[in-house]
Colleague: 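This is the structure, below, for whatever I ask next.
In each ligand, atom 1 is the first atom listed, and ligand 1 is the first ligand listed.
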Amino acid sequence: MLQGQARIVVLAGAGLSAASGVPTFRDAQTGHWATFRPEDLATSEAFMRDPQMVWRWYLSRRETIGQVSPNAGHDALTRWQRERDVTIITQNVDGLQQRAGGTVTEFHGNLFVDLCFEEHRVLSATEQHPGEPPRCVHCDAYVRPGVVWFGENIPTHAMREAEHAVDHCDIFVSVGTSSLVYPAAGFAEAALRRGARFIEINPEETPLSSLADHRLAEPAQIALPALVDALLSR
Ligand code: BV8
């Protein structure tokens, strides 16, 4: 099915970065953050209510991710993308697939980008007054992370890229996602409606598992290298 000229879309979730040591959203938060649910912190309401606390949460995640490396799952996706028609849509904000050399559509933004909270434009370090959070030198609003918060729309360019890829794919592969967060979780069904095949790679079941043509109930760092080796060796 995956051989030849098949047009493949891969939707990646936090499970792909788990082997690198990045806690998934479903993992209990550790340490100081253990008392919070990510869905409650990753919102503009939480940021407006307590900018310092939310900013510190993002700083701690930047620090964690700054110390980890892409894993064999990321490397396999990059290898696959170099040899075949593979589009990678990532829900992850950790930048690890790019560090592994892949080209991705960042559907939920990027943790390491700083935005002006009011103007919603990217700010370089020199455009910020230091602080927790820093402030925009142009309008004095708080600086926020360049991620898509719950309740916020997906960036237009990312949505357009993703929808186009899903509309034209032969096979839709979801890897390491709980398939709970929309609109990303809606892509598998959109692909199926168009007659594409659906492969799910996840050690756990998800609400979409019953729709999959094939399920690889394996961790991504094991399943992806094995799958890509098998495909590229023929
Ligand atoms: C929006 C950035 C329009 C922030 C994130 C229906 C339609 C539209 C919207 C909604 C809807 N229903 C509800 C909504 C609202 C909401 C939503 O989906 N809520 C959920 C909780 C029900 N969606 C939104 O708000 C989206 N915006 O729709 O705009 C709109 C506008 C106004 C009002 C309404 C709608 C925006 C969603 C983006 C949120 N931002 N991230 C940040 O990072 O701080 S999403 C965030 O959670 C992550 O980025 C990630 O994408 C997601 C968690 O999902 P996963 O990646 O799947 O990770 P998870 O931990 O859940 O699961 C890990 C999986 O890996 C598990 O299954 C596990 O078994 C597996 N695993 C573990 N280890 C491995 C593994 N798999 C393989 N290998 C391993 N080794």
Colleague: Is there a nitrogen or oxygen of Thr177 sitting under 3.5 Å from a nitrogen or oxygen of ligand 1?
Modeller: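 Among all N and O atoms of Thr177, at least one is under 3.5 Å from an N or O of ligand 1.
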
Colleague: Looking only at N/O atoms, are Val148 and ligand 1 under 3.5 Å apart anywhere?
Modeller: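 Yes, at least one N or O pair falls under 3.5 Å.
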
Colleague: By the definition side chain to side chain donor-acceptor pair (under 3.5 Å), identify the one residue from Arg160, His157, Glu161 that meets it with Thr105.
Modeller: Glu161

Colleague: Kindly indicate whether a cation-pi arrangement holds for Arg135 with Tyr142, taking the cut-offs as under 6.0 Å to the six-membered ring centre and within 45° of the axis.
Modeller: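 Verdict for Tyr142: a cation-pi partner in Arg135.
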
Colleague: Counting only non-hydrogen atoms of the protein, does one fall under 4.0 Å from atom 22 (C) of ligand 1?
Modeller: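 So atom 22 (C) of ligand 1 has protein heavy-atom neighbours under 4.0 Å.
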
Colleague: Indicate whether the side chain of Glu63 and that of Ser60 have a donor and an acceptor atom separated by less than 3.5 Å.
Modeller: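 The criterion, which ignores hydrogens and geometry beyond distance, is not satisfied for Ser60 and Glu63.
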
Colleague: Is the shortest side-chain N to carboxylate O distance from Arg56 to Asp50 below 4.0 Å?
Modeller: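 Looking at Asp50 together with Arg56, the answer is no, because their closest N to O distance does not fall below 4.0 Å.
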
Colleague: Are any non-hydrogen protein atoms located under 4.0 Å from atom 34 (C) of ligand 1?
Modeller: no

Colleague: Less than 3.5 Å between some nitrogen or oxygen of Gly151 and one of ligand 1, yes or no?
Modeller: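 By distance alone, the answer is yes.
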
Colleague: Pick, from Val22, Leu11, Val175, Asn153, the option with the minimum heavy-atom distance to atom 30 (C) of ligand 1.
Modeller: Asn153

Colleague: Taking both backbone and side-chain atoms of Phe25, is any N or O found less than 3.5 Å from an N or O belonging to ligand 1?
Modeller: yes

Colleague: Are any of the N/O atoms in Gln91 less than 3.5 Å from those in ligand 1?
Modeller: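 Yes; the residue has a nitrogen or oxygen that sits under 3.5 Å from a nitrogen or oxygen of the ligand.
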
Colleague: Is it the case that ligand 1 has an N or O less than 3.5 angstrom from some N or O of Ser178?
Modeller: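 Yes, at least one N or O pair falls under 3.5 Å.
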
Colleague: Which residue from Tyr182, Trp57, Phe150 reaches closest to atom 26 (C) of ligand 1 through any of its heavy atoms?
Modeller: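 It is Tyr182 whose heavy atom sits nearest to atom 26 (C) of ligand 1.
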
Colleague: Quick check: Thr206 and ligand 1, any N/O pair under 3.5 Å apart?
Modeller: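 Such a contact does not occur with ligand 1.
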
Colleague: From atom 73 (N) of ligand 1, work out which of Gly13, Ala18, Ser179, Gly73 has a heavy atom at the shortest distance.
Modeller: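 Heavy atom nearest to atom 73 (N) of ligand 1 belongs to Ala18.
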
Colleague: Looking only at distances, please establish whether an N/O atom of ligand 1 is found under 3.5 Å from an N/O atom of Glu218.
Modeller: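 So ligand 1 has no N or O lying under 3.5 Å from an N or O of Glu218.
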
Colleague: Show which atoms of ligand 1 fall inside a sub-4.0 Å distance from at least one heavy-atom site of Glu204.
Modeller: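 That gives atoms 69 (O) of ligand 1.
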
Colleague: Side-chain donor-acceptor pairs under 3.5 Å in residues 181-194, sequence neighbours left out?
Modeller:
{"residue": "Arg194", "atom": "NE", "partner": "Asp167", "partner atom": "O", "Å": "2.7"}
{"residue": "Arg194", "atom": "NH1", "partner": "Val166", "partner atom": "O", "Å": "2.9"}
{"residue": "Arg194", "atom": "NH1", "partner": "Asp167", "partner atom": "O", "Å": "3.3"}
{"residue": "Arg194", "atom": "NH1", "partner": "Cys169", "partner atom": "O", "Å": "3.4"}
{"residue": "Arg194", "atom": "NH2", "partner": "Asp167", "partner atom": "O", "Å": "3.3"}
{"residue": "Arg194", "atom": "NH2", "partner": "Cys169", "partner atom": "O", "Å": "3.2"}

Colleague: Do any heavy atoms of Pro203 fall under 4.0 Å from ligand 1?
Modeller: yes

Colleague: Heavy atom to atom 71 (N) of ligand 1, shortest distance: which of Pro23, Gly15, Ala12 holds it?
Modeller: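 It is Gly15 that holds the nearest heavy atom.
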
Colleague: Measure the shortest side-chain to side-chain distance between Arg215 and Glu205 over non-hydrogen atoms and say whether it is less than 4.5 angstrom.
Modeller: yes

Colleague: So is there a nitrogen or oxygen of Ala14 less than 3.5 Å from a nitrogen or oxygen in ligand 1?
Modeller: yes

Colleague: List the residues meeting side-chain hydrogen bond (donor to acceptor under 3.5 Å, both in side chains) with Thr156, not counting sequence neighbours, and say none if there are none.
Modeller: none

